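Take a look at the structure set out below.
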Amino acid sequence: MSEELRSQLNAEQYETAVTLEGPLLIIAGAGSGKTRTITFRMAHMLDSGIHQSQILALTFTNKAAKEMAERVKSLTGKKLSNLTVSTFHSFGVKVLKESISHLGFRENFSIYDQTDQISLIKDVGRELKIPADGFDPYMLSNLFSGIKTNRIKWDGTNDMWRPAYIEYLNHLKVYNAVDFDDLIVLPVKLFKEYPDVLEGYRERYKYIMVDEFQDTSLYQYEFMKLLADAHHNICVVGDDDQSIYSWRGANYQNIINFEKDFPELKEIKLEQNYRSTQNILNAANQLISNNTNRKEKALWSGMDSGKAIQIYYPEDETREGLFIAETLRTWVVNEGRKYHDVGVLVRTNSLTAPIEEAFLDLNIPYKVSGGTSFFQRKEIKDVIAYLRVIVNPDDDVNLLRIINTPRRGIGIKTVQTIRNVADERGFSLYSAISALRWAEDSPLSDRLKGCLADFLSLMEMYRTRFDQERKKGDVLRSFIDAIDFWGYLLQEHHTNDKVAKWKFQNILRFCDFFDRWESNPDNLSPKLGTYLNKITLMNQSEEGEEEGQVNLMTIHSAKGLEFDLVFLAGVEEQILPHARALEENPDNIQEERRLFYVAITRAREKLFMTCCRTRRIMREVMETGPSKFLEEIPAELVEFHEPDNNMDDELAEDLFAKMKAQFK
DNA sequence: GGAAGCGTACTTTTT
DNA sequence: GTACGCTTCC
């Protein structure tokens, strides 16, 4: 490694970056320069003659994958189109794309997100005539996920759902569809049952790196271990204190499994924090020391103690939003800072709404990450559903979504008839429609047969066009025109054509995304199916990295990020710790504390927390109390700003109204 | 049989 | 805000 790069790392970071062979466990405390260290490590690998195609780096979010790839590229100045940096799930897709036929699926399979999965479970319920009361598709989706990944066993309490689960699996197979869990579970199955497939990947990927290791599930660990077992060049980086995905199967016991499975490992701790002031760090350290069963860490910072943590008690969530908006604007204006250096964090997505309102009122530029993503919007999902059926006609869930959207006279009764035929013959709906189209003894009227025939020829025509034509973006535009989606939107929103216009704008944006993806030179095989699989795994529209915007997001999506100024809103009992998490299992208090820890350690210079005295939760105004986690932060690190009781409600209301008017 | 209109409940975190 | 269910109308 060059002297210049070396001088940018401390001793432990350097050791991490130059240890390329053998198993390596990095315990990287919050803000310890983890990303920098592992990008340097990858750069060093490339320098040492390891070919880019031999490296596999696995992350949890697309954002993290993208960032890591970009940083390695800019550090080395190389193009690196053969370097694999991807999420576990995307890597699973890649494996399945190549070899899923062994498992009885075809390579044009659909991926079902939780929404699709829930529609499928509803269909299964209807088919098995399960009475609606006590049938909770959302709960079942979690149960099935637990069963599939061995986190939950069948027992006396859930046994009655077994037939539904079996039916669910059958349907996936018939529809040629896989769910999110399958993206990990099926590759593992493939590796175990077809050793030559596994061998191929072991040959190729000689160096593996796993980021956010504390968030791996037992299944993902197995996936990773199968790949690494041949050569043992595996580096995992994690921090048990930042494990916040246990509800999704993450299990930081994997750190212990790793020590057991790779006993010759080298362990390095990165404990110097380069991010936060000493005050912020002390608060975080004190808080997290209340958790048991941690790996001991002594995070220290070379920085000044900095400002005390500020705690405010707004009257309600509207004023909380205004307080945050006001305060951060003052900071930006008075100290000449940028809006993008501010992060506003919340426990749940629903808490963003009042804060957004305040930002809109005061004209503060902001962006929300997480929440309902662009690709989850109804109009976009509809278009995607069409494309899914074009790629994979057997995909019943998506077929049902679009068969009568826009309306083409195929209603519930007709679908029911088709469903019966499909079930009788073990067909998918699409095959059943094809069979019924010309059938003499068809139970359908000629008019309906005509509608179905039109639908089929539309889909078939565009399947050919998407296959054969170069500019698929234009094919997509032509398709949207052919189904008259604009007319449909107008009709659906005849009371408010602004909504229709906005939705159509989104569709056009979607077409633009598609163009950009298609014309990206790194994109070796721009096939429609590949694109669909990619966006199903994409949470937010990666585009739009605009500067100068306040970042508003959940704590979960803030992991890995840092901001000069951080606001943590809704620091109240019931919210942080979240009531539902504790209800599920009182031990979850530790994970809630880790969430709080992650939130605090996002801040570099200044940290504000707000607890409302009352808050509207689902239309009801509730009295709320401050989070008990606040008591775990040493008082000398904190400045409390007690609510001003002299100011009565009306007066305050008036004041805020004036304040708002002033900035309109 | 299919479409349109209205009311109600929903929101813990994400690949 | 939105998705779903129920009722009513064509």
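Order of the sequence lines fixes the chain letters, A, B, ..., with proteins taken first and strands second; residue numbering starts at 1 for each chain. Note: hydrogens, waters and symmetry copies are ignored here, and every other heavy atom, side chains too, is used. Because the structure is a prediction, the values reported are computed rather than measured.
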Measure the distance from [atom1] on [X] to [atom2] on [N] and round it to the nearest whole Å.
X	N	atom1	atom2	result
A/Asp182	B/dT15	CG	P	18 Å
A/Ile589	B/dT12	CD1	P	17 Å
A/His556	B/dT11	NE2	P	17 Å
A/Lys381	C/dC4	NZ	P	11 Å
A/Met139	B/dT12	CE	P	16 Å
A/Ile418	B/dG1	CD1	P	14 Å
A/Asp179	B/dT15	CG	P	16 Å
A/Asn585	B/dT12	CG	C1'	15 Å

Report the nucleotide, chosen from [options], that has the shortest atom-to-atom distance to any side-chain atom of [X].
X	options	answer
A/Leu537	B/dT13, C/dT2, B/dT15	B/dT15
A/Trp247	B/dT15, B/dT14, B/dT12	B/dT14
A/Lys122	B/dT14, C/dC4, B/dT15	C/dC4
A/Lys378	B/dT11, C/dC4, C/dA3	C/dA3

With no angle test and no hydrogens, is the base of [N] tied to the side chain of [X] by a donor-acceptor pair under 3.5 Å?
X	N	value
A/Arg248	B/dT13	no
A/His578	B/dT12	no
A/Arg580	B/dT12	no

Applying side chain to side chain donor-acceptor pair (under 3.5 Å), can you list everything that pairs with A/Arg347, at least two apart in sequence or on another chain? A/Glu592
Under the side chain to side chain donor-acceptor pair (under 3.5 Å) test, which residues partner A/Gln214, sequence neighbours left out? A/Glu212
A/His578: what forms a ring pair (Phe, Tyr, Trp, His ring centres under 6.0 Å) with it, not counting sequence neighbours? none
Suppose we screen for ring pair (Phe, Tyr, Trp, His ring centres under 6.0 Å). Which residues come up paired with A/Phe563, at least two apart in sequence or across chains? none
Side-chain N,O ([X]) to OP1/OP2 ([N]) below 4.0 Å:
X	N	answer
A/Thr554	B/dT14	yes
A/Asn349	B/dT14	yes
A/Arg347	B/dT11	no
A/Thr414	B/dG2	yes

In dot-bracket, 5' to 3', how would DNA chain B read with Watson-Crick or G-U wobble pairs under 3.5 Å, [ ] for crossing ones and | for pairs to another strand? |||||||||......
Kindly state whether the ring of [X] and the ring of [Y] have centres lying under 6.0 angstrom apart.
X	Y	answer
A/Tyr201	A/Phe191	yes
A/Trp502	A/Phe504	no
A/Phe91	A/Tyr205	yes

Using a heavy-atom cut-off of 4.0 Å across all strands, would you classify A/Tyr245 as base, sugar-phosphate, or nothing? sugar-phosphate
So what does A/Thr61 touch, heavy atoms closer than 4.0 Å: a base, only the sugar-phosphate, or nothing? sugar-phosphate
Verify the stacking flag for A/Phe60 against B/dT15: centroid separation must be under 5.5 angstrom and the ring planes must differ by under 30 degrees. no
With side-chain hydrogen bond (donor to acceptor under 3.5 Å, both in side chains) as the rule and sequence neighbours excluded, what pairs involving residues 177-186 of chain A come up? A/Ser145-A/Asp181, A/Lys148-A/Asp179, A/Lys148-A/Asp182, A/Tyr168-A/Asp179
Closest to the 5' end of DNA chain B, once A/Ala581 and A/Phe88 are matched to their nearest nucleotides, is A/Ala581
Here's a test of your reading of the structure: between A/Arg447 and A/Glu592, which maps to the more 5' nucleotide of DNA chain B? A/Arg447
When the ring planes of A/His171 and A/Tyr175 are compared, do they come out parallel, tilted or perpendicular, using 30° and 60° as the limits? perpendicular
